[in-house]
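Reading through the C-alpha cells given below for one structure.
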Protein chains: 2
Amino acid sequence: MNTLSYGLLSAISIESCSGYDLIERMKLFWKADHSQIYPILGKLESQGYVRHESVKQVNKPDKKVYFVTDSGIEVLKKWMAEPTSEPVIRDEFALKMHSISMFDEEQTIALLKERRALYEQRLADLEARNERLRLKREAYGEDDSGIPTQFLGPFFLLEREILNAKTELKWCDWALEHLGTR
Amino acid sequence: MNTLSYGLLSAISIESCSGYDLIERMKLFWKADHSQIYPILGKLESQGYVRHESVKQVNKPDKKVYFVTDSGIEVLKKWMAEPTSEPVIRDEFALKMHSISMFDEEQTIALLKERRALYEQRLADLEARNERLRLKREAYGEDDSGIPTQFLGPFFLLEREILNAKTELKWCDWALEHLGTR
DNA sequence: TCGTGCATGTAAGCTGTTACATGATTCC
DNA sequence: GGAATCATGTAACAGCTTACATGCACGA
C-alpha cells in the first residue's frame with residue numbers, strides 16, 4: 001500500500017466510480033496515469049479493500065465501478081491517523097523562470113503569458129467542476145450546512161484550488177507589469 | 001539530460017555554488033535529494049556543461065563550487081525555447097482532506113491545523129530567504145529597476161511562493177471557520 | 001557523548017512515465 | 001477518413017526515495 005493506493009481508496013470512498021473516472025478526479029492533487037491506476041485497483045481488489053461491478057453503458061464501452069469494502073474503510077481510517085508527508089512540487093516553469101536573465105525580455109513575456117493561459121484554463125475547469133459538484137450536492141440532498149457530508153472534502157479542496165489558481169493569475173499579471181515598467 | 005539536469009544548470013547559471021547549496025535552492029520548486037543531485041553534477045561535468053573548483057573552508061569540509069561553461073549556457077538557452085511541461089503536484093494532505101467524511105471533526109481540525117503550521121513555517125522560511133536575497137542584491141549593486149539582472153528570476157519566484165503560502169494560510173483559516181459554524 | 005549541520009558519494013528498490021495494445025462511437 | 005472520447009490493460013525504462021557510508025566541527 002503506497003500513498004496513491006490510499007488516495008484511490010479515499011476517492012472511491014466518497015463515491016463509487018471506475019478507474020477512468022479516478023484519473024480525472026485524482027488530477028487535481030495527485031498526478032497519476034491510467035497505467036498506474038489500473039494495476040493498483042487490481043491489487044486493492046485482491047487485498048479485499050475494494051470490489052467492482054461491471055456496468056453496461058449505451059454507446060460507451062462497459063466500465064468497472066469500484067466500491068470500498070468494510071476492510072477498505074478500516075485501512076483508510078488507519079492511514080488518516082498516520083503522519084502526513086509534505087507536498088511534492090515539480091514545476092518546470094519555475095526552473096525556467098529561475099534563470100530568465102538568460103532570456104530576451106520577449107521570451108520571458110511569452111513564458112509568463114503561456115503560464116497565464118494555462119491557469120486561466122485551469123480556473124475555467126475548476127469553475128466547471130464546482131458547478132457539477134453543486135448539482136450533485138442538490139441531487140444527494142443537503143444537510144444543515146448546505147453540504148452533504150461526503151462532499152465536504154471535495155468542496156473544501158475545490159475552493160482551495162480555485163484560490164490557488166487566482167493567486168497564480170494575479171502573480172503572472174504582477175510579474176508582467178513589473179517587466180513592463182523596467 | 002532530464003528536466004532536473006536543466007534545472008541544476010539553470011540554478012548554477014545564476015550564481016556558482018556547490019551541490020549542497022543546490023539542494024536548498026531547488027527545494028522551492030523541484031523536490032530533489034542529494035543522492036539525485038550529486039550524480040547529475042558529475043554527468044553535467046563529463047558532458048562539459050559545468051566545471052568545478054574545490055574550495056577550502058574554515059571549520060567546514062571542502063566543497064566543490066560548480067560554474068556553467070559556454071556550452072552549458074548554449075544548452076540552457078535551447079531548453080528554455082522548448083515547450084514547458086505542466087507542473088506536477090503530489091499532496092498527501094489533499095488526498096486525506098478528500099475523504100474527511102471518514103474522520104471525526106476533531107481529526108479534521110487537527111489535520112488542518114497541522115497544515116496551517118506547515119505553511120506558517122514555510123512563510124517564515126520564505127521571508128528569511130527574501131531578506132537574504134535583498135542583502136545579496138545590495139552587495140551585487142542594483143540596476144535601474146532595483147534588481148540586478150541575474151536575481152530577477154529568484155526575486156519573482158520568491159514573491160510567487162510567498163503569495164502561494166499566504167493563500168494556503170487563508171484557505172486553512174476559512175476551512176477551520178467553516179467547520180466551526182456547521 | 002549525542003545530535004545537528006556541513007559536505008559528498010553509492011546502491012537497491014519502489015514509483016512513475018512512455019510506449020504498445022485493443023475497440024467502439026461520435027464529431028468534423 | 002481521421003481525430004477525439006470512453007474504457008481497460010501490460011511492459012520497459014527512466015526517475016525518485018531510502019538506506020548505507022564517511023568525517024569533521026560545534027553546542028548542549
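What you see below is based on every heavy atom in this structure, not just the backbone, and it leaves out hydrogens, waters and symmetry mates. Per chain, numbering begins at 1; letters A, B, ... match sequence-line order.
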### Summary
Per-nt protein contacts along nucleotides 16-28 of chain D (heavy atom under 4.0 Å; B base, S backbone sugar-phosphate only, - none) come out as SBBB---B-SS--

In whole angstroms, how far is the [atom2] atom of [N] from the [atom1] atom of [X]?
{"X": "A/D21", "N": "D/dC6", "atom1": "CG", "atom2": "C1'", "answer": "10 Å"}
{"X": "B/Y66", "N": "C/dT8", "atom1": "OH", "atom2": "C1'", "answer": "9 Å"}
{"X": "A/I23", "N": "D/dT5", "atom1": "CD1", "atom2": "P", "answer": "13 Å"}
{"X": "B/L41", "N": "C/dT10", "atom1": "CG", "atom2": "P", "answer": "11 Å"}
{"X": "A/K43", "N": "D/dG9", "atom1": "NZ", "atom2": "C1'", "answer": "14 Å"}
{"X": "B/E53", "N": "C/dT8", "atom1": "CD", "atom2": "C1'", "answer": "18 Å"}
{"X": "A/D62", "N": "C/dA24", "atom1": "CG", "atom2": "C1'", "answer": "11 Å"}
{"X": "A/K63", "N": "C/dT25", "atom1": "NZ", "atom2": "P", "answer": "17 Å"}

#### Entry: salt_bridge(A/K64, A/E45) N-O dist < 4.0 Å
no

### Query
Would you call A/E168 and A/R122 a salt bridge, taking side-chain N to carboxylate O under 4.0 Å as the test?
no

### Query
Strictly by modelled atom types, are B/K63 and B/S54 linked by a side-chain donor-acceptor pair under 3.5 Å?
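Checked: B/K63/B/S54 side chains show no N/O donor-acceptor pair below 3.5 Å.
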
### Query
Taking atom types as modelled, is there a side-chain donor on A/S85 or B/E92 under 3.5 Å from an acceptor on the other?
yes

### Query
Counting only side-chain N and O atoms of A/Y20, is one of them less than 4.0 Å from OP1 or OP2 of D/dT8?
no

### Task
Evaluate whether atom CD of A/Q47 has more than 12 neighbouring non-hydrogen atoms of other residues, nucleotides or ligands under 6.0 angstrom away.
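Yes - once you tally the heavy atoms of other residues, nucleotides and ligands closer than 6.0 Å, there are more than 12.
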
### Query
Would the number of heavy atoms belonging to other residues, nucleotides or ligands and lying under 6.0 Å from CG of B/N2 be above 12?
yes

